[in-house]
Every structure is written in structure tokens, then in C-alpha cells.
Amino acid sequence: MVVDDQTSMRAMIRRALQDLGFKDVRDKSGASEALSAIKTDRVHLVISDFNMPEMDGLQFLEAVRNDPVIGKTVFIMLTGSADKEIVQKAAALGVNNYVVKPFSPAALKEKIERVFGELT
């Protein structure tokens, strides 16, 4: 599940994931609707932007981690800022990895492989 309020960013990430061999890539423009969707139809990976209206990426991560059903879902945070405070908060909340925008598909692959192991 790709979660970002920018349509172009969702499309870019979705394409990168498909190029890496991911078959079922879904996306949502906001954390609230993504949270509802993954509670109904589980996913293995969430790639979420940090800076979104209504519910930011940290609030979304916290909501996922506090849910007994989806709490262990792999969560990778995207942001345009390498702000140490955000990184530390995300780590404290249990983020699996962190990607700073702009990023290359190879960088995204490396972050995913650090969590899941080598993609084939």
C-alpha cells in the first residue's frame, strides 16, 4: 500500500514497486483511508509519506502499530526532510525503514530488501 497525498509520487512509487516484481500494489491519497483499507484487506508493506494533511505519517504509523491485527505490518516512511526528530520519532514508533525524497528505485529496493531480504 502506497500512501501519499501527491498523485505523481504515488504513481512513481507504484511503478517502481511493479518493476521490482510486486504484483498487487494499491495506493491511497491519505492515511485515514489507507488505515481503513488495510484493516479490511491486509497488506504486507506500507510505504507512506510523512507530510500529509489530516493524519501525518507518524500518526498513521502509530495507528498501525497500535492495532492488534495490522500492528506488525512492515512500514517504510518517506519524507522530503531528513529531520532527525522525525526519524527518531518514527524509530520509536517502530518504523521498519526510512527513505528520504527524492530517491531512486534502487534506493527504495535496498530499503525494502533490508526488511524482507533479497528480492528475486
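Keep in mind the model is a prediction, meaning the values are calculated, not measured.
Considering only heavy atoms from C-beta on, Val3 stays 4.5 Å or farther from Ile47 through its side chain. Using a 4.5 Å cut-off on side-chain heavy atoms (C-beta onward), Lys111 and Val115 make no contact. A 4.5 Å side-chain heavy-atom check between Ile70 and Leu35 finds at least one atom pair inside the cut-off. With contacts defined as side-chain heavy-atom distances shorter than 4.5 Å, the pair Tyr98/Leu78 does not qualify. In this structure, Ile76 and Val46 have side chains that are not in contact, with every pair of non-hydrogen atoms separated by 4.5 Å or more. Looking only at side-chain heavy atoms (C-beta outward), Lys101 and Met9 come within less than 4.5 Å of each other. Leu108 has its side chain within reach of Leu17: a pair of non-hydrogen atoms, C-beta onward, lies under 4.5 Å apart. Side chains of Glu33 and Ser29 form a contact here, defined as non-hydrogen atoms less than 4.5 Å apart.
One hydrophobic cluster, built from ILVMFWY side chains closer than 4.5 Å, holds both Val25 and Ile13. Criterion: ILVMFWY side-chain heavy atoms under 4.5 Å apart, direct or through other members. Under it, Phe22 and Ile38 are not part of a common hydrophobic cluster. Under the 4.5 Å side-chain heavy-atom criterion for ILVMFWY residues, a single connected hydrophobic cluster contains both Val87 and Val100. Residue Val69 is not grouped with residue Leu45 when hydrophobic side chains (ILVMFWY) are merged at heavy-atom distances under 4.5 angstrom, including chains of intermediate members. At a threshold of 4.5 Å between side-chain heavy atoms, the hydrophobic network of Ile, Leu, Val, Met, Phe, Trp and Tyr places Met1 and Met55 in one connected group.
The nearest pair of heavy atoms linking His44 to Phe116 is O-CZ, 3.6 Å. The two atoms that bring Pro105 and Ala16 nearest to each other are CB-CB, 4.2 Å, heavy atoms only. Between Leu93 and Arg65, the shortest heavy-atom distance links the atoms O-CG, 3.1 Å. Leu61 approaches Phe75 most closely through the heavy-atom pair CD1-CG, 3.5 Å.
Under a 3.5 Å cut-off, the side chain of Thr40 and the backbone N or O of Ser36 do form a donor-acceptor pair. For Asp41 (side chain) and Ala37 (main-chain N/O), no donor-acceptor pair under 3.5 Å exists by modelled atom type.
To the nearest 0.5 Å, atom NZ of residue Lys28 and atom CE of residue Met52 are 13.5 Å apart. The distance from atom CD of Glu110 to atom CD of Glu113, rounded to the nearest 0.5 Å, is 8.0 Å. One distance of note links CZ of Arg15 with CG of Leu20; it measures 10.5 Å at 0.5 Å rounding. Between the CZ atom in Arg114 and the CD1 atom in Ile112 there is a gap of 12.5 Å [rounded to 0.5 Å]. The structure places CG of Asp56 at 8.5 Å from NZ of Lys89, a figure rounded to the nearest 0.5 Å. To the nearest 0.5 Å, the span separating CD on Gln6 from CG on Asn51 amounts to 8.5 Å.
Contact check on Lys109 versus Asp19 returns no salt bridge, with no Lys/Arg side-chain nitrogen under 4.0 Å from an Asp/Glu carboxylate oxygen. A salt bridge links Asp24 with Arg26: at least one charged nitrogen is closer than 4.0 Å to a carboxylate oxygen.
When each of Asp5, Asp27, Asp4 is checked for a salt bridge (charged side-chain N to carboxylate O under 4.0 Å, His left out) with Arg10, only Asp27 meets the rule.
By the neighbour-count criterion of 12 heavy atoms within 6.0 Å, atom CD of Gln18 is densely surrounded, having more than that number from other residues, nucleotides or ligands.
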Criterion side chain to side chain contact (heavy atoms under 4.5 Å, CB included) on Val95 and Phe50, from CA distance to verdict: CA-CA 12 Å; Val95 76; Phe50 163 72; over 6 Å; no
Starting from the C-alpha separation in whole Å, work towards a yes-or-no answer on side chain to side chain contact (heavy atoms under 4.5 Å, CB included) for Asp67 and Lys39. CA-CA 9 Å; Asp67 187 284; Lys39 284 181 178 182; 3.1 Å; yes
